[in-house]
Each structure stands twice: as C-alpha cells, then as structure tokens.
Amino acid sequence: MVYCADCGKKMYLCRSKSLNSNQEHLKCSTYSADKEDCSAHYIRTVVLEEIVLSELRKMTTFVRENESEFIELAMQNSQQKQSAELKAAKKRLAQSEKLS
C-alpha cells in the first residue's frame with residue numbers, strides 16, 4: 001500500500017495499454033475524487049520501485065554489518081508492540097465488564 005504524504009489517503013495505480021511501463025504511476029485517491037481537498041500527487045511506479053529497492057539494500061547492509069544490534073532493536077520493537085496490545089486488551093476488558 002502506498003499513501004499520500006499530505007492527506008494520508010490511498011494512492012491508486014494508473015496503468016493502461018497506451019502507457020508504457022515508465023509512464024505507469026500511482027495517483028492520490030483524494031485528488032481523484034475531489035480536486036479541492038488534495039493536489040495532484042503522483043509517483044511513477046519505476047521511481048517507487050527504485051526507492052523501495054534502495055531502502056531494502058540499506059536495511060540488508062545494516063543487518064549484515066550490525067546483526068546483534070538489529071536483533072536487539074527488533075526484540076525491543078516486538079516487546080513494545082506486545083505491551084501496547086496487552087494494554088489495549090485490558091482496556092477493552094475493563095470496558096466490557098462495566099457494561100455487564
């Protein structure tokens with residue numbers, strides 16, 4: 001999924017038989033629906049692919065060169081997510097007990 005940096009809505013893939021692969025692009029769904037709410041944000045798919053591949057290369061290089069640090073960061077992130085999920089579950093439980 002790709003989202004517009006300004007309005008946060010989804011971006012839709014635009015392709016057709018008349019467009020070559022260098023012309024395919026993603027366009028902001030808000031702009032498509034209402035040109036007043038967001039401007040004409042788009043990104044060509046070939047540019048997006050280059051950005052994603054570059055970031056993946058950076059990440060894999062970091063992991064190869066700093067494996068133990070990466071593992072520690074991943075474990076911390078996992079613990080934070082679990083804590084947040086547990087807190088949300090406890091809150092839902094307390095709310096449902098109040099309703100009962």
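Positions are given from 1 along the sequence. Excluded from the calculations below are hydrogen atoms, water molecules and symmetry mates; all remaining heavy atoms, backbone and side chain alike, are included.
Lys9 and Ser29 make their closest contact through CB-OG, 3.5 Å (heavy atoms, listed as atom of the first residue, atom of the second, distance).
Remark: Arg92 CZ to Lys90 NZ distance equals 12.5 Å, nearest 0.5 Å. Of the inter-residue distances, the one linking Thr45 atom OG1 with Glu50 atom CD reads 10.0 Å to the nearest 0.5 angstrom. Here the NE2-OH distance, from His25 to Tyr42, works out to 8.0 Å after rounding to the nearest 0.5 Å.
A distance-only check finds a donor-acceptor pair linking the side chain of Arg44 to the backbone of Asn22 [under 3.5 Å]. In terms of modelled atom types and a separation under 3.5 Å, the side chain of Thr61 and the main chain of Arg57 share a donor-acceptor contact. Using modelled atom types, one side-chain atom of Thr60 and one backbone atom of Leu56 make a donor-acceptor pair closer than 3.5 Å. Proximity of a side-chain donor or acceptor of Asn20 to a complementary backbone N or O of Gln23 within less than 3.5 Å is detected. No donor-acceptor pair closer than 3.5 Å links the side chain of Asn77 to the backbone N or O of Leu73.
You'll find the side chain of Lys10 reaches within 4.5 Å of the side chain of Tyr3, heavy atoms only.
Under the 4.5 Å side-chain heavy-atom criterion for ILVMFWY residues, a single connected hydrophobic cluster contains both Ile51 and Leu13. Hydrophobic clustering of Ile, Leu, Val, Met, Phe, Trp and Tyr side chains at less than 4.5 Å, counting indirect connections, keeps Ile71 apart from Val63.
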